[in-house]
Amino acid sequence: MKWVYIEDLPKHENQRVEIRGWVYNKRSSGKIRFLIIRDGTGYVQGMIYSNKKDSPLFEKFDKLNQESSLHIRGEVKKDKRAPGGYEISVSDIDIIQIAESYPITPKEHGTSFLMKNRHLWLRSSKQNAVLQIRTEVIKAIRDFFDNRGFRLMDTPILTPSACEGTTTLFETEYFDQSAYLSQSGQLYNEATAMAFGKVYCFGPTFRAEKSKTRRHLIEFWMVEPEIAFAQLDDIKKLSEDLVLYIIERVLENKKTELEILERDTKPLEGVKKPFPKLTYEEVLEKMKEKGRKLDFGDDFGAPEETLISKIFKQPVCITHFPAKIKAFYMQPDDKRPDLVLGLDVLASEGYGEIIGGGQRIHDLKLLKERIKEHNLPEKDYAWYLDLRKYGSVPHSGFGLGIERTVAWICNIKHIRETIPFPRLLYRIYP
RNA sequence: UCCUCGGUAGCUCAAUAGGCAGAGCGGGUGGCUGUUAACCACUAGGUUGGGGGUUCGAGUCCCUCCCGAGGAGCCA
């Protein structure tokens with residue numbers, strides 16, 4: 001008999017099939033019994049009916065408990081009463097294993113308990129939906145860049161020194177010297193962009209910051225495009241197109257998952273070009289209107305980000321930040337040398353920053369000055385400075401945080417649920 | 001690192017003012033012809049996070065340590 005995945009059941013209406021999976025839940029009522037089976041691709045109800053109380057199928061059914069593994073065979077039937085619209089009229093059950101008493105019951109649990117059991121929590125329907133949307137987001141991102149001729153250039157995870165010198169790094173042994181886990185692929189990508197024109201890297205990044213908020217992970221995934229000859233306006237457009245494309249793809253291909261999450265898709269469907277574009281100083285004005293006074297040079301904190309993204313229904317592009325609050329490699333504005341051509345994109349619905357980037361300094365002398373001002377050891381940046389010696393060109397890029405993007409699309413409060421095994425402050429198990 | 005809150009059955013929580021530690025879910029047993037986190041009955045299940053103190057008596061009050069959650073700073 002044909003082994004079929006639950007997501008493909010509609011193609012097999014009125015056929016006899018085999019499903020291989022796990023018991024999600026069961027109910028019984030005398031001569032009729034129901035079994036909810038999951039196989040990773042979906043959930044389906046199995047129905048067993050018998051006049052005989054001692055039916056061998058009933059005996060097997062009674063032995064089953066939550067998460068027991070099994071094969072079932074039976075006919076696929078359309079039935080409005082069944083969750084998902086289809087059910088299987090079960091004619092045969094092969095039990096693979098009777099599970100031990102499963103800790104995650106169909107009732108409510110606390111976050112701490114669920115995180116401790118993350119390896120099992122992944123089996124539940126909402127977690128399944130979030131992570132299936134994550135895979136679609138990642139696929140969409142890769143297609144977006146691949147289709148536009150970007151070259152995938154993976155950057156190293158073990159690095160000899162700080163990339164940006166701002167955030168704390170994880171230190172590890174590298175034979176007889178120290179190495180640090182990458183916190184960004186950007187600097188290396190500036191090198192590959194000079195070799196390949198337009199590139200992107202996609203990988204994990206590590207921040208040893210003791211951040212403990214719903215928007216932070218210690219280990220997270222980021223996609224970082226970098227384009228030679230591109231200026232701020234070019235990546236503004238690119239970031240807009242990228243965000244739109246990701247949303248379109250999820251809306252198109254992950255309807256069921258969005259339904260499981262009870263995600264209201266209207267705000268996502270409403271995301272359209274052009275996104276509102278503001279400068280840092282214009283945002284300060286908006287803040288003042290809303291009664292939040294900030295001085296020039298103050299960075300936006302979580303409350304400001306939340307406020308901005310609530311004022312606009314669209315994601316918001318913010319540019320032209322004070323040089324002081326941005327990284328050393330940011331290109332200054334010709335007209336306003338105290339400002340840099342940085343770019344942040346804040347997701348709507350209060351989700352805050354998902355993209356950070358900007359135009360990089362391409363002038364050797366200026367870059368050297370900035371390295372000095374930031375008290376960074378110039379010799380560590382020798383190769384980086386080389387890029388400004390041999391045919392230096394203006395170039396720009398940005399990073400998009402995968403987990404924050406998924407959290408926004410799924411309308412999940414905390415980003416820890418958007419990665420299979422989140423690394424958090426005070427939690428590295430399982 | 002700082003601020004706030006919490007730790008009681010496998011899980012989620014309750015326990016008036018310091019006075020016999022309880023419920024629902026899950027487990028077990030039995031019942032029910034279409035259930036939707038099914039339902040009904042019965043049943044087992046506890047060193048109240050660790051240590052110390054106050055008290056005739058501590059889940060409850062005090063000290064301390066451990067663990068976790070929410071948030072801040074920083075950032076994607």
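Per chain, numbering begins at 1; letters A, B, ... match sequence-line order.
- Nucleic acid contact for A:M115: none, since no nucleic acid atom lies under 4.0 Å from a heavy atom of the residue.
- Salt bridge status for A:E18 with A:R20: present, with a side-chain N to carboxylate O gap under 4.0 Å.
- No hydrogens or angles were tested; on distance alone, nothing pairs the side chain of A:H109 with the base of B:rC11 as donor and acceptor under 3.5 Å.
- Donor-acceptor pairing under 3.5 Å, judged by distance alone, is present between the side chain of A:E87 and the base of B:rG34.
- Among B:rA69, B:rG34, B:rA38, the nucleotide with an atom closest to any side-chain atom of A:Q45 is B:rG34.
- Partners of A:R27 according to the salt bridge (Lys or Arg N to Asp or Glu O under 4.0 Å) rule, which considers only residues two or more places apart in sequence or in another chain, do not exist here.
- Stacking annotation: A:F220 is stacked on the base of B:rA76 (ring centroids less than 5.5 angstrom apart, interplanar angle below 30 degrees).
- Counting any heavy atom pair closer than 4.0 Å across all strands shown, A:F398 reaches no nucleic acid atom.
- Using a 4.0 Å cut-off between charged side-chain N and carboxylate O, A:E75 and A:R16 make no salt bridge.
- Paired runs in RNA chain B that reach 3 or more consecutive Watson-Crick or G-U pairs, where each pair keeps both distances under 3.5 Å, cover B:1-7 with B:66-72, B:10-13 with B:22-25, B:27-31 with B:39-43, B:49-53 with B:61-65.
- The shortest distance between the side-chain N/O atoms of A:R27 and the OP1/OP2 oxygens of B:rA38 is below 4.0 Å.
- Distances from the side chain of A:L425 to the nucleotides B:rG34, B:rG70, B:rU1 place B:rU1 closest.
- For A:S112, counting side-chain heavy atoms from C-beta on, the closest listed nucleotide (B:rG68, B:rC74, B:rG34) is B:rG68.
- No salt bridge links A:E226 with A:K198; every basic N to acidic carboxylate O contact stays at or beyond 4.0 Å.
- Here A:D79 lies in heavy-atom contact (under 4.0 Å) with a base.
- Among the atoms of the strands shown, none is found under 4.0 Å from any heavy atom of A:L400.
- Toward the 5′ end of RNA chain B lies the nearest nucleotide of A:Q66, the other residue of the pair A:Q66 and A:N25 mapping further downstream.
- For A:E349 and A:K313, the salt-bridge test fails: no basic side-chain N is under 4.0 Å from an acidic carboxylate O.
- For B:rC11, its base never sits under 3.5 Å from the side chain of A:T105 at any donor and acceptor pair.
- Side-chain atoms of A:S101 lie closest to B:rG27 of the nucleotides B:rU12, B:rU1, B:rG27.
- Using a 4.0 Å heavy-atom criterion, one finds that A:K212 contacts the bases of the nucleic acid, with or without backbone contacts as well.
- Closest approach to the A:R81 side chain among B:rC74, B:rU35, B:rU12 is made by B:rU35 (side chain taken as heavy atoms from C-beta onward).
- The A:F34 side chain lies nearest to B:rG34 when the options are B:rA76, B:rG34, B:rU1.
- Rounded to whole angstrom, the span from the NZ atom of A:K210 across to the P atom of B:rC2 amounts to 10 Å.
- Here A:R123 pairs with A:E67 in a salt bridge; the nearest charged N to carboxylate O distance falls below 4.0 Å.
- Comparing B:rU35, B:rG70, B:rC75 by their nearest atom to the side chain of A:E305 picks out B:rC75.
- Under the ring-ring contact (aromatic ring centres under 6.0 Å, His included) criterion, A:F150 pairs with A:F145, not counting sequence neighbours.
- A donor and an acceptor atom, one from each side chain of A:H320 and A:E281, are nowhere located under 3.5 Å apart.
- No contact: A:D344 has no heavy atom under 4.0 Å from any strand.
- A donor and an acceptor atom sit less than 3.5 Å apart, one in the side chain of A:R404 and one in the base of B:rC75.
- OP1 or OP2 of B:rA69 has at least one side-chain nitrogen or oxygen of A:R427 nearer than 4.0 Å.
- For A:R416 and B:rG70, the shortest distance from a side-chain N or O to OP1 or OP2 is below 4.0 Å.
- Using a 4.0 Å heavy-atom criterion, one finds that A:G352 contacts no nucleic acid atom at all.
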